[in-house]
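The structure appears right after this line, and notes come after that.
Just so it is clear: chains get the letters A, B, ... in the order the sequence lines come, proteins before strands, and each one is counted from 1.
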Protein chains: 2
Amino acid sequence: MLFSKSCEYALRATMYLAQMESNEKVGIKVIARDLNIPADYLNKVLQTLVQQQLVSSAKGRNGGFYLTKNELNKPLINIVHAIDGKEVFYRCGLGIKNCSSKKPCPLHNDIKAYRDNIKIALSNNSIASSRSQIDSGEVFLSK
Amino acid sequence: MLFSKSCEYALRATMYLAQMESNEKVGIKVIARDLNIPADYLNKVLQTLVQQQLVSSAKGRNGGFYLTKNELNKPLINIVHAIDGKEVFYRCGLGIKNCSSKKPCPLHNDIKAYRDNIKIALSNNSIASSRSQIDSGEVFLSK
DNA sequence: GTGCTTATATGATCTATGTCATGTTTTTTT
DNA sequence: AAAAAAACATGACATAGATCATATAAGCAC
Ligand code: FES
Ligand code: FES
């Protein structure tokens with residue numbers, strides 16, 4: 001689709017962590033089970049996010065992944081940038097080099113609207129913002 | 001992005017053929033050169049379209065690919081369906097099974113609105129419709 | 001009809017992505 | 001100090017997608 005599978009997993013996992021009490025740590029197995037994601041793979045993805053300081057982790061017994069207040073307030077788009085890079089939002093939908101309004105492809109306007117809309121949504125919404133919607137059962141992170 | 005590379009190639013190639021005079025045949029090498037696409041690969045993609053009766057072809061000397069009047073009037077979305085299937089427009093952007101407004105993911109609304117938009121654009125526009133825009137230099141099929 | 005030019009068919013190879021598996025390090029518990 | 005539990009690190013494997021290559025069949029020109 002728009003994002004790589006790794007990125008989809010990353011987004012779902014961080015939104016999942018956002019639901020927890022502040023500083024409550026969740027083990028990888030629990031996250032993977034709840035989200036229906038292969039644990040080892042998700043582990044790898046989360047490590048990347050830890051390195052990028054978008055997610056925190058604690059080793060040892062009772063350790064796990066969690067989000068700090070600071071991390072909760074970062075926009076969701078940071079996750080996308082960390083995993084898929086910034087180019088996703090600027091690639092031509094027909095694969096032509098240098099997507100731009102100067103030399104648009106026939107689908108440019110429609111594609112750009114789509115891309116921009118998602119980009120804006122992810123930029124304006126913090127990781128924490130999904131909390132209430134998920135909590136109230138309006139939206140879901142897993143089937 | 002949204003479509004597979006094969007599908008991107010397919011869309012560009014058919015729009016390219018739409019520019020030709022009716023029933024003018026173009027060889028695969030010419031198309032590939034003009035669009036900067038590996039010839040053998042594009043060849044394979046076009047064969048699929050020929051099988052699906054979205055593009056016509058003629059063998060032998062002075063043979064090549066071309067579009068009939070009938071084919072020119074078909075909507076562009078047929079190309080997408082032939083190569084990527086119908087699911088592209090119904091897959092959840094976060095990879096959750098069964099994208100639906102009943103059980104939406106946090107990005108569903110942002111994704112669906114504009115995904116539908118692209119789908120509608122491709123459904124309402126015939127293959128031939130790109131002609132004038134391309135011809136007048138408003139839009140481009142290659143860098 | 002012979003030879004050339006073209007699409008067609010099929011499969012091999014390469015590449016990126018996703019998945020699995022193993023071992024190491026850190027921290028807590030006892 | 002020892003043991004256990006967890007993240008961390010690394011690499012092997014699998015799969016799908018994209019690319020390349022070869023051989024076959026069909027049509028045109030002469
Ligand atoms: S040029 Fe194709 S999407 Fe912008
Ligand atoms: S449920 Fe995720 S895009 Fe529809």
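Side-chain atoms of Tyr16(B) and Ser142(B) include no donor-acceptor pair closer than 3.5 Å.
dG27(D) atom C1' lies 11 Å from atom NZ of Lys25(B), rounded to whole Å. Asp40(A) places its CG atom 8 Å from the P atom of dA21(C), with the value rounded to the nearest Å. Taking atom CD of Glu87(A) as the reference point, atom C1' of dA16(C) lies 15 Å away to the nearest angstrom. Note: CD1 (Ile83(A)) to C1' (dA16(C)) measures 16 Å, nearest angstrom. Straight-line distance from the CG atom of Leu42(B) to the P atom of dC20(D): 12 Å, rounded to whole Å.
When all heavy atoms of Leu54(A) and Leu67(A) are compared, the pair lying nearest together is O-CD2, 3.5 Å.
Not one side-chain nitrogen or oxygen of Tyr41(A) sits closer than 4.0 Å to the OP1 or OP2 atom of dA14(D).
Salt-bridge annotation for Asp116(B) and Lys112(B): present, with a side-chain N of the basic residue lying under 4.0 Å from a carboxylate O of the acidic one. Between Glu8(A) and Arg91(B) there is a salt bridge, since a side-chain N of the basic residue sits under 4.0 Å from a carboxylate O of the acidic one.
Residue Tyr9(B) is classed as a sugar-phosphate contact, given heavy-atom separations below 4.0 Å to backbone atoms only.
No more than 12 heavy atoms of other residues, nucleotides or ligands sit less than 6.0 Å from atom CD of Gln53(B). Atom CD of Gln133(B) has more than 12 heavy atoms from other residues, nucleotides or ligands within 6.0 Å.
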Nucleotides 3-12 of chain D: protein proximity per nucleotide (B base, S sugar-phosphate only, - neither; heavy atom, under 4.0 Å): -SBBSBBBB-
